[in-house]
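As structure tokens, the structure follows; a few thoughts come after it.
Each residue takes its place number in the sequence, starting with 1.
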Amino acid sequence: MSCHQRRAVPSWLGLLGLLGRGLIVAALALPARAQLPFAVPPPAGVLVAPLLLLLPLAHDWTRSDRERARELERRHDWRGLESLADRRLGASPGDARWLALRGRARLFLGRWDGAAADLQASLESTDDRPAAQRFDVGLGWALAEALRPGGGNVAPILDELEALVPGRPEPGALRQSLSGAAAVMPMQGFSMLPVGMHAMRLDAPGWQPTPVADPPALQGGPTFQLVRTQLVRLRAASAEARQDGVLRGRLWMAAPAARAWGVSVWDVDDPCRHAVPGAVLVESVAISIQQPDCLSVRAVAAGAPLTGWPDGWVPDEAGWLFAYERYGIDGAVQARLWLPQARVPGAMLAALWGRAWAAGLRPWGDATGPATAALPPLRP
């Protein structure tokens with residue numbers, strides 16, 4: 001399928017041949033995508049939250065703290081940002097701004113219990129932050145509550161936000177998305193899906209492995225003799241989730257069976273080539289020109305073909321298509337996930353859920369050994 005046809009070049013020649021052009025792309029195109037939550041405009045009528053990216057930091061912070069926090073956010077290094085906030089909160093317990101930053105990091109990591117606690121504490125503290133900043137913190141709290149298993153009533157939070165900054169559209173959009181939606185249920189155990197040398201943790205019961213063929217091999221790094229390149233063989237895995245015979249999710253993934261030792265297969269001009277117009281989120285994180293990645297999230301109608309799905313499958317129900325790819329120095333990951341829209345209601349929650357899913361997969365591009373990622377909690 002087209003989603004597996006990559007431009008393959010030996011890494012020792014590819015880096016030389018693409019270095020000048022890649023530096024320009026890395027300097028101009030990709031960082032902009034890392035800073036903007038949505039590189040592709042959403043369809044008319046779809047409201048998307050800013051998701052707290054790159055808020056102005058407090059003027060009384062040290063310059064090193066400001067620069068470090070912004071750099072971690074630019075790279076989407078949410079674990080690093082969480083660690084930085086942990087250290088600062090150890091020295092200044094209860095600091096509202098560091099609580100907000102740690103809550104934001106946990107939000108994008110899918111640790112929604114911790115995110116909700118931090119963002120609530122930050123919003124309810126008394127300080128001199130502008131109303132717009134407090135609104136964004138409160139919106140993050142509402143999103144975390146809407147996604148965490150056993151989450152509280154989001155309506156009072158949205159009421160407070162509407163009073164804090166009248167006229168903002170996000171509370172009404174989130175309220176509408178959650179109208180009639182089932183609650184997120186605590187995970188009742190899990191199952192592991194092997195993907196190459198890695199494993200994906202799936203919420204159980206319901207998910208079952210399905211037969212799948214491996215995708216074509218990728219061109220890898222040079223051999224010791226530097227006269228030919230090795231092949232990076234990906235191993236595919238797929239699974240379906242069913243409840244009472246009804247399809248509730250479909251997953252396809254591929255990753256190397258062992259350390260790849262150089263994956264030089266990517267289109268440096270467009271790491272988001274698998275994305276299509278109409279996506280509510282298209283995001284490429286500029287980690288480096290040698291480690292491109294891309295996440296896209298889009299709504300798909302019932303009976304509509306899924307662009308990039310390996311076997312040409314067509315869903316019978318409207319849903320979300322989450323697509324993620326990353327090609328690193330020593331690894332690679334390709335992933336497609338379809339979920340009914342009822343499991344992640346609304347564009348704001350779908351974009352945030354997709355970011356948390358991608359955050360778990362991103363380390364596979366650097367992995368030198370087995371790693372595990374997990375599906376964030378979902379509605380039934």
Side-chain angles (χ1 to χ4, degrees), residues 3-4 78-79 106 108-114 147-150 184-215 217-218 232-260 263 293 295 297 308-311 313 319-328 330-340 343-344 352-380:
C3 65
H4 305 309
W78 307 120
R79 293 173 182 84
R106 290 174 171 175
F108 293 133
L109 287 169
R111 299 174 186 167
W112 291 313
D113 283 325
L147 285 167
R148 74 181 184 91
V184 181
M185 301 301 293
M187 187 176 293
Q188 305 293 323
F190 61 88
S191 60
M192 303 298 290
L193 179 70
V195 185
M197 65 175 174
H198 307 303
M200 190 74 190
R201 192 176 76 176
L202 305 174
D203 56 316
W207 285 98
Q208 296 294 331
T210 55
V212 64
D214 291 332
L218 302 176
V232 177
R233 301 193 181 278
L234 300 184
R235 296 291 179 260
S238 65
E240 289 184 352
R242 291 188 178 273
Q243 185 177 31
D244 299 327
V246 179
L247 186 65
R248 306 303 293 162
R250 202 163 191 259
L251 173 68
W252 179 94
M253 302 183 70
R259 186 175 181 180
V263 176
D293 84 339
L295 166 70
V297 180
W309 200 275
D311 61 4
W313 173 68
W320 294 106
L321 177 61
F322 302 87
Y324 181 74
E325 293 184 11
R326 185 178 179 205
Y327 300 92
D330 295 317
V333 57
Q334 302 171 348
R336 303 288 186 272
L337 173 65
W338 175 88
L339 293 171
R343 301 199 72 180
V344 191
L352 179 55
W353 192 95
R355 272 205 172 110
W357 179 58
L361 293 175
R362 191 167 288 119
W364 289 17
D366 296 323
T368 58
T372 299
L375 284 185
L378 288 163
R379 285 171 169 76

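- Residues W357 and A323 come closest through the heavy atom pair CZ3-N, 4.2 Å.
- The minimum heavy-atom distance linking G360 with R79 is given by the pair CA-NH2, 4.2 Å.
- The shortest side-chain heavy-atom distance between W207 and M200 does not fall under the 4.5 Å cut-off.
- Remark: the backbone N or O of R235 is not paired with any side-chain donor or acceptor of D214 at under 3.5 angstrom.
- Looking only at distances, no side-chain donor or acceptor of W78 sits under 3.5 Å from a matching main-chain atom of A359.
- In this structure, the side chain of R336 does not engage the main chain of W309 through any donor-acceptor pair within 3.5 Å.
- Between atom CZ of residue R362 and atom CG of residue L295 there is a gap of 7.5 Å, rounded to the nearest 0.5 Å.
- Two residues are said to be in side-chain contact when any heavy atoms from C-beta on lie closer than 4.5 Å; V297 and W353 fail this criterion.
- Contact annotation: the side chain of R250 never approaches that of T210 to less than 4.5 Å [non-hydrogen atoms, C-beta and beyond].
- Across all non-hydrogen atoms, the minimal contact from R248 to R343 is O-NH1, 2.9 Å.
- Of all non-hydrogen atoms in L234 and P215, the two that sit nearest each other are CB-CG, 3.8 Å.
- Considering every non-hydrogen atom in both W320 and P340, the closest pair reads CD1-O, 4.4 Å.
- Nearest heavy atoms, A239 versus L202: CB-CD1, 4.1 Å.
- In this structure the side chain of L337 never reaches within 4.5 angstrom of the side chain of W252, judged on heavy atoms.
- In terms of modelled atom types and a separation under 3.5 Å, the side chain of R326 and the main chain of L361 share no donor-acceptor contact.
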### Task
Just do the side chain to side chain contact (heavy atoms under 4.5 Å, CB included) check on V333 and Y327 with the steps written out, would you?
CA-CA 7 Å; V333 57; Y327 300 92; over 6 Å; no

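- At a threshold of 4.5 Å between non-hydrogen side-chain atoms, the residues P377 and L147 do not count as touching.
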